[in-house]
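Everything below concerns the one structure shown next.
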Amino acid sequence: MKDVGWADVIIAVLLSPLLVLPVVGVVYVMLFWVIGLDSTSFEYWLSATFIAACVVEGLMFASLYRGPDPAIEYWWAWLLVVTAILAIAFVPCAAGVFSRETSFELASILYVDVAMIFLVVMLSIFVSTRRGWNVFEKRKIDLQSDTKTAMLKRL
């Protein structure tokens, strides 16, 4: 996967809370201090904020990726995961095994986890490409092109 190493994933795991928590903090301040919402809606806005922040930031890092292949190679796999979560959460509800609230909580938890994994994957790909850029390799390429240019001038 884009030559991403464990160091890139660890850096992404460490950086992702630093990217998501300010967004959650701003939404908290806006909803509870400025607007004055009741604090009983805590779990609903928190999961929605995490999902939105992770997906938007992940797509932002995917758009910043400048590599030979696209950052999201198998986009259909992410859609498959989203629909699988719906099936996992709501088929037991339809069968009467779970209540609606339990199914909603399960879907919410799974969507937050998948959104956070998406952010970590996109961030690790972004970190990998930024970390993989080597100044000495660029100088070597420039030297090789200068050498070829000089040889062509001699002819």
Side-chain angles (χ1 to χ4, degrees), residues 1-138 140-141:
M1 176 176 70
K2 308 265 186 279
D3 298 327
V4 174
W6 282 107
D8 304 321
V9 174
I10 291 171
I11 290 170
V13 166
L14 294 176
L15 285 178
S16 60
L18 297 175
L19 296 171
V20 174
L21 290 179
V23 174
V24 172
V26 167
V27 170
Y28 174 79
V29 167
M30 292 302 294
L31 289 178
F32 293 105
W33 288 2
V34 176
I35 297 175
L37 271 180
D38 185 22
S39 62
T40 58
S41 64
F42 180 75
E43 66 231 12
Y44 301 113
W45 75 265
L46 186 63
S47 61
T49 304
F50 265 106
I51 292 168
C54 290
V55 169
V56 167
E57 290 176 1
L59 290 174
M60 181 186 70
F61 285 116
S63 70
L64 292 175
Y65 172 72
R66 301 287 181 244
D69 298 327
I72 304 173
E73 287 180 324
Y74 303 110
W75 58 270
W76 54 267
W78 293 103
L79 293 177
L80 185 66
V81 168
V82 168
T83 56
I85 289 173
L86 282 175
I88 289 169
F90 292 111
V91 167
C93 177
V97 178
F98 290 162
S99 67
R100 290 181 186 170
E101 292 82 17
T102 306
S103 295
F104 177 76
E105 289 176 13
L106 177 64
S108 175
I109 290 168
L110 290 175
Y111 279 132
V112 168
D113 291 342
V114 168
M116 292 177 86
I117 289 169
F118 178 72
L119 175 63
V120 168
V121 167
M122 291 299 119
L123 187 58
S124 61
I125 290 171
F126 179 76
V127 168
S128 172
T129 57
R130 295 295 180 200
R131 195 171 60 87
W133 188 72
N134 190 353
V135 175
F136 297 111
E137 187 67 29
K138 185 176 181 333
K140 181 180 171 184
I141 291 170

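Residue numbers run from 1 in the order of the sequence given.
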inquiry  = Which heavy atom of A115 sits nearest to which heavy atom of C54, and what is that distance?
reply    = O-CB, 3.3 Å
ask   = Which value, rounded to the nearest 0.5 Å, describes the distance between E105 atom CD and S99 atom OG?
value = 7.5 Å
request  = Check whether any side-chain heavy atom of I125 sits under 4.5 Å from a side-chain heavy atom of V121, and report yes or no.
outcome  = yes
task = Drop me the distance from L123's CG to I11's CD1, to the nearest 0.5 angstrom.
result = 9.0 Å
Atom pair OG (S47) and CG (L110), whose distance is rounded to the nearest 0.5 Å = 11.5 Å
remark   = Of all heavy-atom pairs linking A107 and F90, the shortest is CB-CE1, 4.2 Å
ask   = Do you know the tightest heavy-atom contact between M122 and A71?
value = CE-O, 3.9 Å
query = So with a 6.0 Å cut-off around CE of M60, is the heavy-atom count from everything else above 12?
reply = yes
message = Applying the side-chain contact (heavy atoms from CB on, under 4.5 Å) criterion to F50, which one of V24, D113, L119 satisfies it?
response = V24
message = So, taking the atom named CZ in F126 and the one named CG in L15, what distance separates them when rounded to the nearest 0.5 Å?
response = 10.0 Å
ask   = Is there a side-chain contact between F118 and L59, using heavy atoms and a 4.5 Å cut-off?
value = yes
ask   = Does the side chain of V23 come within less than 4.5 Å of E57's, by heavy atoms?
value = yes
inquiry  = With a 3.5 Å distance limit and no angle check, can you tell me whether S128 reaches the backbone of S124 through a side-chain donor-acceptor pair?
reply    = no
ask   = Parallel, tilted or perpendicular for W45 and Y28, by the 30°/60° rule?
value = tilted
inquiry  = So, taking the atom named CG in L80 and the one named CH2 in W75, what distance separates them when rounded to the nearest 0.5 Å?
reply    = 11.0 Å
request  = Grab the two heavy atoms, one from I35 and one from L31, that are nearest each other, plus how far apart they are.
outcome  = CB-O, 3.5 Å
request  = To the nearest 0.5 angstrom, please state how far the OG1 atom of T83 sits from the CH2 atom of W76.
outcome  = 11.0 Å
ask   = For V82, does its backbone N or O pair with a side-chain atom of Y111 as donor and acceptor, under 3.5 Å?
value = yes
